[in-house]
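Remarks on the structure that follows.
Labels below follow one simple rule: chain letters A, B, ... track the order of the sequence lines, proteins then strands, and each chain is numbered from 1.
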Protein chains: 2
Amino acid sequence: MEASIAEIAQRAGIGKGTVFRHFATKECLAAAIVSDRLDELAAIGRTLLDATDPGAALLEFMTAGVELQARDRAFCQAATTSVRRDPAVRAASDRLSQAAESLTEQARRQGAVRDDITGQDVILLLGAACQAAAPLGDTAADLWRRYLYLIFDGMRPEGAHPLPRPAPARARFDQAVDPSGPDQEPSAERC
Amino acid sequence: MEASIAEIAQRAGIGKGTVFRHFATKECLAAAIVSDRLDELAAIGRTLLDATDPGAALLEFMTAGVELQARDRAFCQAATTSVRRDPAVRAASDRLSQAAESLTEQARRQGAVRDDITGQDVILLLGAACQAAAPLGDTAADLWRRYLYLIFDGMRPEGAHPLPRPAPARARFDQAVDPSGPDQEPSAERC
DNA sequence: ACCTGAACACCGTTCAAGT
DNA sequence: ACCTGAACACCGTTCAAGT
């Protein structure tokens, strides 16, 4: 969000108006970039499904996810804003959750992680590790590794304590619709 | 950052120019608010130093911290931006870290948390719990509790695995200056 | 049909004029 | 001395005119 539309258009060698022909809004442009990144991570997750050690694969998946985010802070920040409400980002986010769910289920079966952990949890905690290290900026380049490992320790079955709240049930394809109706955030306009 | 300066000035019953008399920049205004919140939490932390169960006190401190952040999302977001580089925010942040350090030391001594955990860690992980739940917005109002407890499990000595990186050494008053010089992010202008 | 950049609306910031 | 709001600069967005 740092760059102005004028700069973006100039670097792309097109007029400002043409940018708005492709993306109705500056935020839609950001949303398109973010959902691309999410799909990138989902692809990595699907690859890791074939790994021999599911526990290690899950940790590797989370590591790849934070690395993706840590590479440019802009993406990390964008994920915090209202870009989340964009339909394309939501869809990509659900695809990512599904990949994470498969990985998590394998790890759960092996006893590598406690069994009250879902794929959604994994995605959210991966973001949390990134955000934990963010305040110190580039001072501590790979500090996120410390927090990812600590969080992963919390995901392990050894010494686990009961959690005060069930995992969030977001749109999952193998799940009936929540009878209490859609209590999600209002969707943004389609882009 | 949602509100415009014009709106803020109007609500305060003063002219726009007068706002800039008190805060050189809109960001400085945000920084002042953020550091107030940080000091609020530091005060809570100092109160909890007298609690009988240091482990429970530390968890309570973290809970209070996330609650403070979760109450308005604006603050949670501001903490992600360049407001962090503001000198006043840094100073408040250091005061907060010191309070956290005392609480953490007590908990460490009791064996309630592993002994490679610092006060800084506690502050950063507290923010992480808040951020983990943020993507789902008000859909899942107190989801952060789930992640705070999970992270706290990771902080416990039982089943702890070694962490891949030392804790960050930010300005601590009982510590010599880092001989490699200040490798912190560039400070923003004084406000 | 598709692209363009002038024009518009909005907002942070400055400062000459008012008290 | 302190406050004000008109004026300026900047940026996202629109759209009449050009190809």
Side-chain angles (χ1 to χ4, degrees), chain A residues 1-38 72-93 134-135 137 185-191, chain B residues 1-38 72-93 134-135 137 185-191:
Chain A
M1 288 303 233
E2 288 286 278
S4 75
I5 289 283
E7 287 167 336
I8 292 169
Q10 194 188 355
R11 213 181 307 181
I14 58 179
K16 292 194 295 176
T18 312
V19 174
F20 286 98
R21 174 164 297 281
H22 292 292
F23 302 97
T25 246
K26 194 185 187 186
E27 199 160 281
C28 287
L29 201 172
I33 296 172
V34 168
S35 45
D36 272 2
R37 292 282 180 117
L38 295 177
D72 64 317
R73 209 177 318 170
F75 172 67
C76 211
Q77 270 184 27
T80 319
T81 67
S82 51
V83 170
R84 290 192 317 250
R85 269 173 292 178
D86 177 86
V89 170
R90 287 195 172 210
S93 198
E185 280 186 282
S187 294
E189 302 302 311
R190 174 165 301 287
C191 278
Chain B
M1 288 304 231
E2 290 285 278
S4 75
I5 289 282
E7 287 167 335
I8 293 168
Q10 194 188 352
R11 214 181 305 182
I14 57 178
K16 292 194 294 176
T18 313
V19 174
F20 286 98
R21 174 164 295 280
H22 292 290
F23 303 98
T25 246
K26 194 186 186 185
E27 200 158 280
C28 288
L29 201 172
I33 295 172
V34 168
S35 46
D36 271 2
R37 292 283 181 118
L38 294 178
D72 65 316
R73 208 175 321 167
F75 172 67
C76 212
Q77 271 182 27
T80 319
T81 67
S82 50
V83 169
R84 292 192 313 251
R85 270 173 291 177
D86 176 87
V89 170
R90 287 196 174 209
S93 199
E185 283 186 277
S187 293
E189 303 302 312
R190 176 167 300 287
C191 277

Could you give the [atom1]-to-[atom2] distance, from [X] to [N], as a whole number of Å?
X	N	atom1	atom2	answer
Lys26(A)	dC10(D)	NZ	P	15 Å
Ile5(B)	dG12(C)	CD1	P	6 Å
Leu29(A)	dC11(D)	CG	P	16 Å
Ile8(B)	dG12(C)	CD1	P	7 Å

Rounded distance (nearest 0.5 Å) linking atom CD1 of Ile5(A) with atom OG1 of Thr25(A): 8.5 Å
Sequence neighbours excluded, which residues qualify as side chain to side chain contact (heavy atoms under 4.5 Å, CB included) partners of [X]?
X	answer
Gln10(A)	none
Leu29(A)	Ile8(A), Val19(A), Phe23(A), Ile33(A)
Ala92(B)	Ser35(B), Leu38(B), Asp39(B), Arg95(B)
Ala12(A)	Ile14(A)

Arg90(A) to Arg85(A) - nearest heavy-atom pair and separation: NE-O, 3.8 Å
Would you say the side chain of Asp86(B) lies within less than 4.5 Å of the side chain of Glu27(B), judging by non-hydrogen atoms? no
The dot-bracket string of DNA chain D, counting Watson-Crick and G-U wobble pairs with both distances under 3.5 Å, using [ ] for crossing pairs and | for pairs to another strand, is ||.|||||...|||||.||
For Ser4(A) and Gly13(B), find the nucleotide of DNA chain D closest to each by heavy atoms; which residue's nucleotide sits nearer the 5' end? Gly13(B)
Contact list for DNA chain C against residues 14-25 of chain B - heavy-atom distance below 4.0 Å: Lys16(B), Phe20(B), Thr25(B)
